[in-house]
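The block underneath contains the structure these notes are about, expressed in structure tokens.
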Amino acid sequence: MESRTYTADAAPGDSVTVAGWVHEIRDLGGIAFLILRDTTGKIQVKFEKDGMADDLVETGLDLHRESVVAVGGDVEEEDRAPTGVEVVPENIEVLAEADPELPLDPSGKVDAELSTRLDNRTLDLRKAEVQAVFEIRAELLRSVREQFRDLGCTEINTPKIVATGTEGGTELFPITYFGREAFMNQSPQLFKQLMVGSGLERVFEIGPIFRAEEHNTPRHLNEATSIDFESAFYDEHDAMDACEAVVIAAYEGIAENCQDELEALGMADSFEVPDAGFPRLSYEEVIERINATGALDEPLVWGDDLPTEGERALGEEIGEHYFITEWPSEIKPFYIMDKEDDELSTGFDLMHPRLELVSGGQREHRHDRLIEGFEQQGLEPEAFEYYTKMFRYGMPPHAGWGLGAERLVMTMLGLDNIREAVLFPRDRQRLSP
RNA sequence: GCCCGGGUGGUGUAGUGGCCCAUCAUACAACCCUGUCACGGUUGUGACGCGGGUUCAAAUCCCGCCUCGGGCGCCA
């Protein structure tokens, strides 16, 4: 296949072999068109029945949609062809036949439900708008990595098989590790913290996290991709600055490098890079403003978690990304540092108007306070000794956050369901493919 | 974990007790058509998630199961 030409590169006057999938065949009688699709686009192949060898015409027109073929021929300029050029075939090689009945329609004439699409993801991904989501996801990860490097971070990879959970509370997937009890890690939290005390100081990780919660919503996955950041000698304000920079870098990367993909999604005109300087609202201010919207039957009081309905009402009012800061200590995990007033924590969330994207904060780096925190949350510090003991050997002040990659893709592209942002999602019922 | 709402040809749908051996689109098959670009036209193929019940009569009502989607809680 070294001589294969992409459809997008086929220029008039060239003698080429194009290879790809049969998108459609339109037989008008004396003339017929085969639309051939590859990753770069589509090209029309013309069959004039009177002027061509019968077996060539027969091979071409007997094909089923989505069969894979290689067509050799001359590229001609033709105003009446959809792309302005068409291939006049000299030979056709059928490389892989497709069954006549497809489990979904890659040409997009008939919709398929998400579950049908996920069951047949390969075919689903032959649609340009579905491909676009994953091209954009890839570009997002690329620009995020670049921004982290600009921030002076080292990329790390931490274990996903662990002996104990991170924070307690969240359900973990148990597994057997050579006869011992083990779990799939819910977050790289503790490991990335250990790295700020190492010579690396500032790190990031992009990797899977596993949550065994039996939720069934369009914004939760049981296996998700977490974009994690942690830095020594940072406080929560520094961490928020880094967070904002990374989110904006992701949008910028896509605005700069994914115009075709945005076009395929019908977003070329509407896509906007958010303005820097995301508002930073205190938890107290947030509950007041949510109460003022009147969206909730019962007003929120200090110490409540923010209900989904309240988050949405406030998000609509604010209309852009915003941070929620100064959360009550009691509803943040033990590793988040308290402020001087120990009712308040340094924890923050980054919200998109639709939903939460990031959770972060300054961390408790004082050994004794950390141990107290474990005990207050009913966790046994002994189980986490691999973690706590490093706080006895010079753990600097530090801060960081975790960002849901799929949630970022979802909110950026306005996807209705987070499963659209994962090739092969794992949710309450789906374990295959 | 608690609570709602669905499952009809390959795909997406219409159909709330008899007018339904089930509508429409797409697909597939055959025929017609020399510039389609969601090509068009004619004819045909193909389905009520599973099990039980109510009824003279069930896609439609009831029960159980399976399965899918959603809401809440929690969270990324």
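Numbers restart at 1 for each chain; the letters A, B, ... are given by sequence-line order, proteins then strands. Here the structure is a predicted model, which means the values were calculated and not measured.
Taking atom C1' in both B/G15 and B/G71, one finds a spacing of 28 Å when rounded to whole Å. Nucleotides B/A58 and B/U16 place their C1' atoms 11 Å apart, quoted to the nearest Å. For the C1' atoms, the distance linking B/U11 with B/C31 amounts to 25 Å, nearest Å.
Side-chain contact between A/V358 and A/D349 is absent, with no heavy-atom pair separated by less than 4.5 Å.
A donor-acceptor contact under 3.5 angstrom links the side-chain atoms of A/E86 to the base of B/G35. With hydrogens and angles left out, the side chain of A/Q44 and the base of B/U36 share a donor-acceptor pair within 3.5 Å. In terms of polar N and O atoms assigned as donor or acceptor, the side chain of A/H215 never comes within less than 3.5 Å of the base of B/C75 in a complementary pairing. The base of B/A76 has none of its N or O atoms less than 3.5 Å from a complementary donor or acceptor on the side chain of A/R219. Counting distance only, with no hydrogens placed and no angle test, the side-chain atoms of A/R407 and the base atoms of B/C75 include a donor-acceptor pair under 3.5 Å.
Distance, A/L355 CG to B/C75 P: 14 Å, rounded to whole Å. Following rounding to the nearest Å, A/R211 (CZ) and B/A76 (C1') show an atom-to-atom distance of 6 Å. In this structure, A/D79 places its CG atom 16 Å from P of B/G35, rounding to the nearest Å. Distance, A/H64 NE2 to B/G10 C1': 13 Å, rounded to whole Å.
B/C2 is paired with B/G71 under the criterion used here, namely a Watson-Crick or G-U wobble arrangement in which both key atom distances are under 3.5 Å. Applying the Watson-Crick and G-U wobble criteria (two distances, each under 3.5 Å), B/G51 pairs with B/C63.
Where A/E48 and A/L357 each meet RNA chain B at their nearest nucleotide, the meeting point lying more 5' is that of A/E48.
Distances shown here put every side-chain N or O of A/N120 at or beyond 4.0 Å from the OP1 or OP2 atom of B/G10. Between B/G70 and A/R419, a contact under 4.0 Å exists linking OP1 or OP2 to a side-chain N or O. Applying the 4.0 Å criterion to OP1 and OP2 of B/G73, one finds that A/T308 has a side-chain N or O inside that range. Listed pair A/K109 / B/U11 fails the phosphate criterion, with no side-chain N or O lying under 4.0 Å from OP1 or OP2. Proximity of A/S359 to the phosphate of B/A76: a side-chain N or O atom is located under 4.0 Å from OP1 or OP2. Look at A/Q186 and you won't find any side-chain N or O under 4.0 angstrom from OP1 or OP2 of B/A76. Note on A/T116: a side-chain N or O is less than 4.0 Å away from OP1 or OP2 of B/G12. A close approach under 4.0 Å does not occur between any side-chain nitrogen or oxygen of A/R117 and OP1 or OP2 of B/G12.
Taking a 6.0 Å sphere around CD of A/E263, one finds it holds 12 or fewer heavy atoms contributed by other residues, nucleotides or ligands.
Taking the six-membered ring for Trp, A/F210 and A/F183 have ring centres at least 6.0 Å apart. Within the 6.0 Å centre-distance limit, the rings of A/Y283 and A/W302 are counted as a close aromatic pair. A distance of 6.0 Å or more separates the ring centres of A/Y234 and A/H398.
When distances run from any side-chain atom of A/T217 to the nucleotides B/C33, B/C72, B/G69, the shortest one goes to B/C72. Of the candidate nucleotides B/G69, B/C28, B/G73, B/C28 has the atom lying nearest to any side-chain atom of A/P100.
Because its NZ or CZ atom is not both nearer than 6.0 Å to the ring centre of A/Y335 and within 45° of the ring axis, A/R363 does not count as a cation-pi partner of that residue.
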